[in-house]
Amino acid sequence: MKCSGAMSRVLNTMIWRIRRMMTPAILRDELENVLGSSVRSIWGDRIPDDFRAVVSGSKNLEFGDISCQAAMRLAGILKDNPRSIAGRIAETLIDGIEWISSISIDGPGFINFRLSDEYLASTAFNLAALGLQSFLPDKGAGREVLVEFVSSNPTGPLTVGHCRQAVLGETISSLLCASGWKVSREYYFNDTGRQMNLLGESLCARYLSAEDGEAVIPEDGYHGSYIIEWASDLRAERGAGLTWKNDRDTFIRFAEEKAMKMILSDLSLLGIEFDRFFAESELIPEAVTNAIDKLSSVTVDGRSLVYKDESGKLWLRFTALGRPKDRVIIRDNGMYTYRMPDIAYHLDKFSRNYDLMVDIFGADHLDTSRDVTAALECLLGRESVSDRLKVIIHQFVTLVKDGRKVKMSTRSGEFVTLRELIHDVGSSDVTKYLFLTRRAEAHMDFDLDLARMQSSENPVYYVQYAHARIAGILRAAGEAGINTPLEFSSDISSLLNGEYERELMRLLESVPVRVAAAADEMEPHRLTEVLADLATGFHRFYQHVRVVDTDSRDVSEARLVLCRACRRCISDLLGILGVDAPDRM
RNA sequence: GCGCCCGUAGCUCAGCUGGAUAGAGCAGCGGACUUCUAAUCCGCAGGCCACAGGUUCGAAUCCUGUCGGGCGUACCA
């Protein structure tokens, strides 16, 4: 109900006591329900069962704050013009809806709602007091999610490509956490097989070259200069006299340990910690054998999924699972190809009973990932897999340096490391933020020179500066003895009736909804959009409106609420991104 | 050849799962500091949303095709 004056105050107090706090998400739900039942009450059976009167934020201020396009959607079904449909719907809402101050019909048939000043002000107040978290729907509800990311094999330092994935994975994890999920971060790595052999051999070659001067690195081996350092460390620890023939395992394990250390320290630059590092060797041979047995016992079109060819290789008949090619899973030398342990690893994850599993992979893993998913669906059931496994594939980063694209390969040793990148850009916060301004499936040109050049005019600093400015205002307010109100009253909303205040409150009100959508879609880049909007909104407000003013303390106090709400949203969001929110700059 | 992703301002990218006049940052031009931080704000300029069809009240968004770029198409991970 729409109320005003004293009545509203009384009602308001009661509502706080007996109802849940009104949040932007609930408001939109209720609005959709009211509209939906209105539509049904007028047209009844003519409306399809799955019809929903969807509402969304209005782009333009003159179109209210929230708008509904139901009338246009219904025009085709009802064979009537949208404006008259909208009119009939609006008539049923004539008594008013709580928190909505006015309704209008505009353009081709939009039903536009204006949020009441009191609702906007109270939302800002609650954001300031409780923080963003309290406004996000508890989607996870304490359920457990496993996020697998980076999963780079221990053959060298992390590169620019891994950096994008690390930032993406970590932010998605934080975002899920903010939506009520209990998050575990897991790193899967391959510590057996050909790659590790090559790495060990490459180390051995560098180790021996100290004696005979020339390093003979195997074809396809690792040429990175970091291995030279490892070789001299190995020499310092174990002396001379090791040979590939006798000490193969020593070389491999030593290299692995060194590589893992590098990776851990690279990750720490981004502030990332994993809950578990899962080694492929933990799966060999039992879990993998087990998985093969399970797949063997499946028959499609009267034949087993697994077959052996005349040379003794074992194949998995992926074509029977709707995939384009059959694949070798055990080679003639008895070694597994990478798909098989991947399948076993995912079976292991599923057996650990997570409610949700998120895989984050680079574009080069797409095909493998599809194969793994197909195998899982075959063993565990389609629904069980599609409900619980979400695969996010991100595209590659092309690094541009001196106006040219840099080709990268860990093998050849030609790559830019995550460490170098952060060093070149000048800050891990800037690096993270820049990666997060693009959506995962978009290719990305990362221009190093530009990133460096822009670093003083950077989107991150723009946002951080807004935060620092607010902190400055709060300091000044403290010195002037002006305090933020501890309780909400409708007096506050009547003091915030200027155009800049309203613009800012409207923006603040939309933040929880936008963040929740970003979490639902697991699209962290939307958070940087929200942050940029918040910073712009605040800077604009700041430029036009004086907050601390000892001549009108009540207005100052009301405006402080908005400052605090902004600050809280910015720092909470930066927190999710793992970026610092400084009080001074 | 086939599969997946992407073509939006000079550059790097958004565009809220089909809506109202397509947005931001950087680069360019012009304004605003006696003030809670000018790392800011305000304004101007810049677009056949790759191209061609289709679907409908309505398309940057969905479908088909063409052209261009990336990745994959390994018994490397």
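All chains are named by letter (A, B, ...) in the order of the sequence lines, taking the proteins before the strands, and each is independently numbered beginning at 1.
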When the [atom1] atoms of [M] and [N] are compared, how many Å lie between them, rounded to an integer?
N	M	atom1	value
B:G43	B:A50	P	28 Å
B:C63	B:G72	C1'	25 Å
B:G68	B:C26	C1'	26 Å
B:G31	B:G69	C1'	41 Å
B:A20	B:G54	C1'	25 Å
B:C33	B:C42	C1'	14 Å
B:A22	B:G46	P	14 Å
B:G10	B:U56	P	34 Å

Please state how far atom [atom1] in [X] lies from atom [atom2] in [N], giving the value in whole angstrom units.
X	N	atom1	atom2	value
A:M72	B:C57	CE	P	13 Å
A:D429	B:A39	CG	P	19 Å
A:L527	B:G15	CG	P	12 Å
A:Y500	B:U40	OH	P	18 Å
A:E441	B:U61	CD	P	16 Å
A:D533	B:G15	CG	C1'	11 Å
A:K308	B:C75	NZ	P	18 Å
A:R194	B:A74	CZ	P	15 Å

(message) Taking the ring centre of each residue, are A:F63 and A:F110 less than 6.0 Å apart?
(response) no
(request) Could you tell me whether A:F277 and A:Y187 have their ring centroids closer than 6.0 angstrom? (result)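 They qualify: ring centres under 6.0 Å apart.
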(request) For B:C33, decide between syn and anti, treating a glycosidic angle within 90° of 0 as syn. (result)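 Judged by the O4'-C1' to base torsion, B:C33 sits in syn, the angle falling within 90° of 0.
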(request) Classify the side chain of A:D191 versus the base of B:A77 as yes if they form a donor-acceptor pair under 3.5 Å and no if they do not. (result)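 No such pair is found, so the answer is no.
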(request) Indicate, yes or no, whether a donor-acceptor pair under 3.5 Å links the base of B:A39 to the side chain of A:Y461. (result)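 Side chain to base: no pair present.
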(request) Report the residue from A:V463, A:V511, A:V530 that forms a side chain to side chain contact (heavy atoms under 4.5 Å, CB included) with A:I570. (result) A:V463
(request) Identify the residue among A:T368, A:V391, A:L366 that makes a side chain to side chain contact (heavy atoms under 4.5 Å, CB included) with A:F361. (result)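 Answer after filtering A:T368, A:V391, A:L366: A:V391.
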Whether [X] contacts [N] is assessed here as follows: a side-chain N or O lying under 4.0 Å from the phosphate OP1 or OP2. Is that the case?
X	N	answer
A:R370	B:C4	no
A:Y462	B:C41	yes
A:R339	B:A74	no
A:R439	B:G15	yes
A:Y542	B:A38	yes
A:K325	B:A74	yes

(message) Within this structure, what is the OG-CG distance for the pair A:S510 and A:D533, rounded to the nearest 0.5 Å?
(response)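 Spacing of OG (A:S510) from CG (A:D533) equals 7.5 Å.
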(request) Kindly compute the distance separating CG (A:L389) from CG (A:L376), expressed to the nearest 0.5 Å. (result)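 Those atoms lie 7.0 Å apart.
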(request) Would you jot down, in residue-number order, the residues of residues 309-323 of chain A having a non-hydrogen atom under 4.0 Å from RNA chain B? (result) A:K313
(request) Counting Watson-Crick and G-U wobble pairs only, both distances under 3.5 Å, name the nucleotide matched with B:G1, or none. (result)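 Partner of B:G1: B:U73.
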(message) Counting only Watson-Crick pairs (N1-N3 plus N6-O4 or O6-N4) and G-U wobbles (N1-O2, O6-N3), all under 3.5 Å, who is the partner of B:C44?
(response) B:G28
(message) Reading RNA chain B from 5' onward, which residue's closest nucleotide shows up sooner: A:F446 or A:V547?
(response) A:F446
(request) Let me know, please, whether A:A440 or A:A471 comes out on the 5' side of the other along RNA chain B by nearest nucleotide. (result) A:A440
Quick one: which protein N/O atoms are closer than 3.5 Å to N/O atoms of nucleotides 42-44 of chain B? Pair and distance per line, please.
from  : atom 1 : to     : atom 2 : distance (Å)
B:C42 : OP1    : A:R540 : NH1    : 2.7

(request) From the options B:C41, B:C13, B:G19, select the nucleotide whose nearest atom is closest to the side chain of A:Q543. (result)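 Selected nucleotide (nearest to the side chain): B:C41.
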(message) Side chain of A:P459 only, heavy atoms from C-beta on: which candidate in B:C41, B:G25, B:A74 is closest?
(response) B:G25
(message) With a 4.0 Å cut-off on N to O distance, would you call A:R567 and A:D583 a salt bridge?
(response) yes
(message) For A:E523, is there an ion pair with A:R439 - N to carboxylate O distance below 4.0 angstrom?
(response)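 Not counted as a salt bridge, because no side-chain N and carboxylate O are separated by less than 4.0 Å.
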(message) Is it the case that the side chains of A:D309 and A:S311 hold a donor-acceptor pair, with the cut-off being a distance below 3.5 Å and no angle test?
(response)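 Checked: A:S311/A:D309 side chains pair up, N/O donor to acceptor below 3.5 Å.
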(message) In terms of relative ring orientation, are A:W315 and A:Y307 parallel, tilted or perpendicular, with 30° and 60° separating the classes?
(response)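 The rings of A:W315 and A:Y307 lie parallel, inter-plane angle below 30°.
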(request) Mind telling me whether A:Y188 and A:Y345 have parallel, tilted or perpendicular rings, with 30° and 60° as the class edges? (result)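 Parallel: the ring planes of A:Y345 and A:Y188 meet at under 30°.
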Within the structure shown, what part of the strands sits under 4.0 Å from [X] by heavy-atom distance: base, sugar-phosphate, or nothing?
X	answer
A:R546	base
A:R73	base
A:A468	base

(request) Give the B/S/- string for nucleotides 66-72 of chain B, one per nucleotide from 5' to 3', where a protein heavy atom under 4.0 Å of the base yields B, of only the sugar-phosphate yields S, and otherwise -. (result) ---BBSS
(message) Could you tell me if A:R469 sits above the aromatic ring of A:Y542, with its cationic atom closer than 6.0 Å to the ring centre and no more than 45 degrees from the axis?
(response) yes
